[in-house]
Amino acid sequence: MALRHDISSPAAPLARRWTIAHGRFETLITAWGSGYLRRGDLALTRWSDDPIAGLDGAWLVLRDQTRGLVWGATPLPLRQSGSCVVQAWPTAVVFEREQHGIASRLAVAHAGDSAELRVLTVENRSPEPRALDVTAWTEPVLARWAADAAHPGFSKLFVQTEAHPEAGTLLASRRPRGHDERFPALAAVLAGPGRLTWTTDRARFIGRGHDASDPRALEPGAALSGTAGSVLDPVLALRRAFVLEPGQRASFAFALAAADDREATLALAARAAEPEAARAQVEAACAGEPGERFALPVRPTSSARPRARVESVDGSGDGGDPGAPAAGRFTAGGYEFEVRADALPPRPWVNVLANERFGTLVSERGAACTWDVNSRERRLTPWSNDAVSDPHGEALYLRDDDTLAAIPPQPGPMDDAGAFEVTHGLGFSRWRRAAQGLALETTLWVDRVEPVQCCRVRIREIDGRARRLSLHAYRQLVLGSLAHEPGRRIAVR
C-alpha cells in the first residue's frame, strides 16, 4: 500500500528507517537516504543519529556539467525541491526520482556479509544529450562508536587512505594505537561508464563552512583533487563523468566493502562492484513480496548559500581567495586577538571561556559548546569537533518582522555574505557588523564564579527609521556525553 507524506508535516516519516543485516554486517538507511554501515561493534561510516539534520550516510549525487544543476538520488543531503518514491523490502531499499529531465533509480542491498551495494540507474528523458557526472561519497570511521563520538577530530587522525584508480577504488584503514588493536579496512568503488576522478580529503571536498548539503566539490566546474594518504579529515569520494543521449540509460555500482586486511578488502570490493553482478544482486533483493512504499514531496530550498566574511576591525579585507590563510594580530597588550581575514579562516579560531567548574568553547563563526564540570562527560550543548563544517549547537537569529529578512548577529549558521569583525579576548568573544540599516554588537562571556554563560546583543538603528525586530536564541541540548551507540536517546525533563 502506498503512503504519502509531506516533509513539512508532523506526519512526515522523520524516524522511518530500515535495517539490512547479514551476520555482523549491517546497513541502516532512512527514508531520506541517510544512515550508516557497521560491522559488529565497529562503525565503518560516520553516523550522528540526528533525525533533524541527518547529513551522515553514503551519498550519490548527479550534476549537469553544462547547466550547473546538482541533485541527489535521495532527498538528502541536498534538500532540493522535487519528489522521491521510496520502497523498502526486508533486504533492499529503493529510491526513485525524476529531476531536470533525468530519471534515477537507486537500489541499496547487500552482497553477502561483507559488502553493501548501491546501484544507480539513470535515464535521459530530455530531448537533448546531457553531459553529466555522478559523485559518490561517505566518511570512513573504522572505530568503535563511543571512541569516535568522544573525539571525532582525534579519531580521524589515525585513518589513512589509498587510491587505486585502475580499479576505481579508494581504501581506508586505521593505524592501531596499541599492539592489541585490530581494525578492518574499508574500500569504496564506483564502477560504471565515464572518466574517474577521486579525493579522500574532506576539507577540500566539503569546503570550510560548508556541509554535506552543499559541498564545494559539487559547485559548477569544481573538480576532485585526487588527494590520498594521511589526510587530517578523511572522506571516500569518487566521481564518473559521462554523456547520455536522449532516451539512453547508464548504470553505476557504488560498493562499500570491509574485510580484516587491505588485500582481502580490495578483492571483495572489486567483485561486489562488477556492474552486471551488482545489478542482478540488488534486483534479487527487491524480488518477492510487495514492499513498503512512500511518496515524499521534498520542500524546495536553495543549496547555494552565501558565505559570511570575517575581517579585522580596521576593515582591511580585500576580497581575496576564500581558501587563503587567515591573518590576525594581538591587541590590548596581548590580551585580545583580532581575526584578520576577508573570508572564513581555513580552520576555526576557537576561544575558551571558563571559570573553575563551567565553560564555553566558541569559534569565530559563533559555533559554541557549553559544559558543566567536565567538558566531555557533562556537556550541555554539543561540540562537533568538525573543523570543516563547524556546525552550530548554539545559535542566535535576528529577524526584521516586517520584511521577514534575517540579519545574522554572528557569521553562522545563517551565512549571508556579510562582513564581520571578530575579537577573541580573555574571558569574552565579540562580533560586530553593520547590515540592513543596523549596527550589531554581540558579546559572549562566562561569569567569573557562577555556572552561567551570558550573551549580550546590542542593536542600533542607523537608517533613521522605526524597525520591528525579533531575536531568537537556539540551544541543542545534550546534557551528558555523546559517546554512545546509535539509537540511545537522552531524556530531557
When rounded to the nearest 0.5 angstrom, what distance separates [atom1] in [X] from [atom2] in [Y]?
X    : Y    : atom1 : atom2 : value
L60  : R118 : CG    : CZ    : 7.0 Å
W137 : I206 : CH2   : CD1   : 6.5 Å
Q99  : L62  : CD    : CG    : 10.0 Å
F25  : R38  : CZ    : CZ    : 12.0 Å
L186 : T161 : CG    : OG1   : 11.5 Å
E116 : L37  : CD    : CG    : 5.0 Å

Evaluate the criterion side-chain contact (heavy atoms from CB on, under 4.5 Å) for residue pair T265 and L171; output intermediate values, then yes/no. CA-CA 8 Å; T265 304; L171 184 79; 3.8 Å; yes

Using the ring of each side chain (for Trp, its six-membered ring), is F154 parallel, tilted or perpendicular to F158, with breaks at 30° and 60°?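 Ring orientation of F154 relative to F158: perpendicular.
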
Parallel, tilted or perpendicular for W145 and Y36, by the 30°/60° rule?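 It falls in the perpendicular class, over 60°.
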
To check you understand the geometry: which heavy-atom pair defines the closest contact between [X] and [Y], and what is its length?
X    : Y    : result
A217 : R239 : O-NH2, 2.7 Å
I20  : V93  : CD1-N, 4.3 Å
S213 : L78  : O-CD2, 3.3 Å
L170 : T199 : CD1-O, 3.7 Å
Y474 : G393 : CE2-O, 3.8 Å
S389 : H210 : OG-O, 2.6 Å

Could you walk me through whether L157 and L232 pass the side-chain contact (heavy atoms from CB on, under 4.5 Å) check? CA-CA 5 Å; L157 296 177; L232 294 177; 3.8 Å; yes

Considering only NZ, NE, NH1 and NH2 on the basic side and carboxylate oxygens on the acidic side, decide whether [X] and [Y] come within less than 4.0 Å.
X    : Y    : result
E245 : R125 : no
E364 : R208 : yes
R347 : D233 : no
R17  : D49  : yes
R46  : D148 : yes

Donor-acceptor pair, [X] side chain versus [Y] backbone, under 3.5 Å?
X    : Y    : answer
E181 : R177 : yes
R24  : R39  : no
W89  : C286 : yes
N124 : E128 : yes
R97  : S83  : yes
Q65  : A241 : no
R365 : D390 : yes

Hey, do the aromatic rings of W59 and F254 have their centres closer than 6.0 Å?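 No, the ring centres sit 6.0 Å or more apart.
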
With side chains defined as the heavy atoms from C-beta onward, is the minimum distance between [X] and [Y] less than 4.5 Å?
X    : Y    : result
V61  : L218 : yes
L266 : T169 : yes
L238 : T135 : no
R262 : S173 : no
L224 : F205 : yes
L142 : L44  : yes
L361 : W383 : yes
P165 : W198 : yes

No-hydrogen, no-angle side-chain donor-acceptor test under 3.5 Å, [X] and [Y]:
X    : Y    : result
Q160 : S230 : yes
T66  : R130 : no
H100 : D64  : no
S251 : T121 : yes
D56  : S48  : yes
H392 : E394 : no

For K156 and R202, what are the C-alpha separation, side-chain angles and deciding distance, and is it a side-chain contact (heavy atoms from CB on, under 4.5 Å)? CA-CA 11 Å; K156 292 174 180 181; R202 181 172 172 269; 3.8 Å; yes

Under the side-chain contact (heavy atoms from CB on, under 4.5 Å) rule, what do L244 and L132 come out as? Steps first, then yes or no, please. CA-CA 7 Å; L244 273 187; L132 306 172; 4.1 Å; yes

Tell me the ring-ring contact (aromatic ring centres under 6.0 Å, His included) pairs involving residues 220-242, sequence neighbours left out?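 Applying ring-ring contact (aromatic ring centres under 6.0 Å, His included) to every pair that reaches into residues 220-242, excluding sequence neighbours, yields F242-F252.
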
Is it the case that atom CZ in R204 sees more than 12 heavy atoms from other parts of the structure closer than 6.0 Å?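 Not more than 12 within 6.0 Å, no.
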
Would the number of heavy atoms belonging to other residues, nucleotides or ligands and lying under 6.0 Å from CZ of R249 be above 12?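 No, CZ of R249 has 12 or fewer neighbouring heavy atoms, counting only those of other groups under 6.0 Å.
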
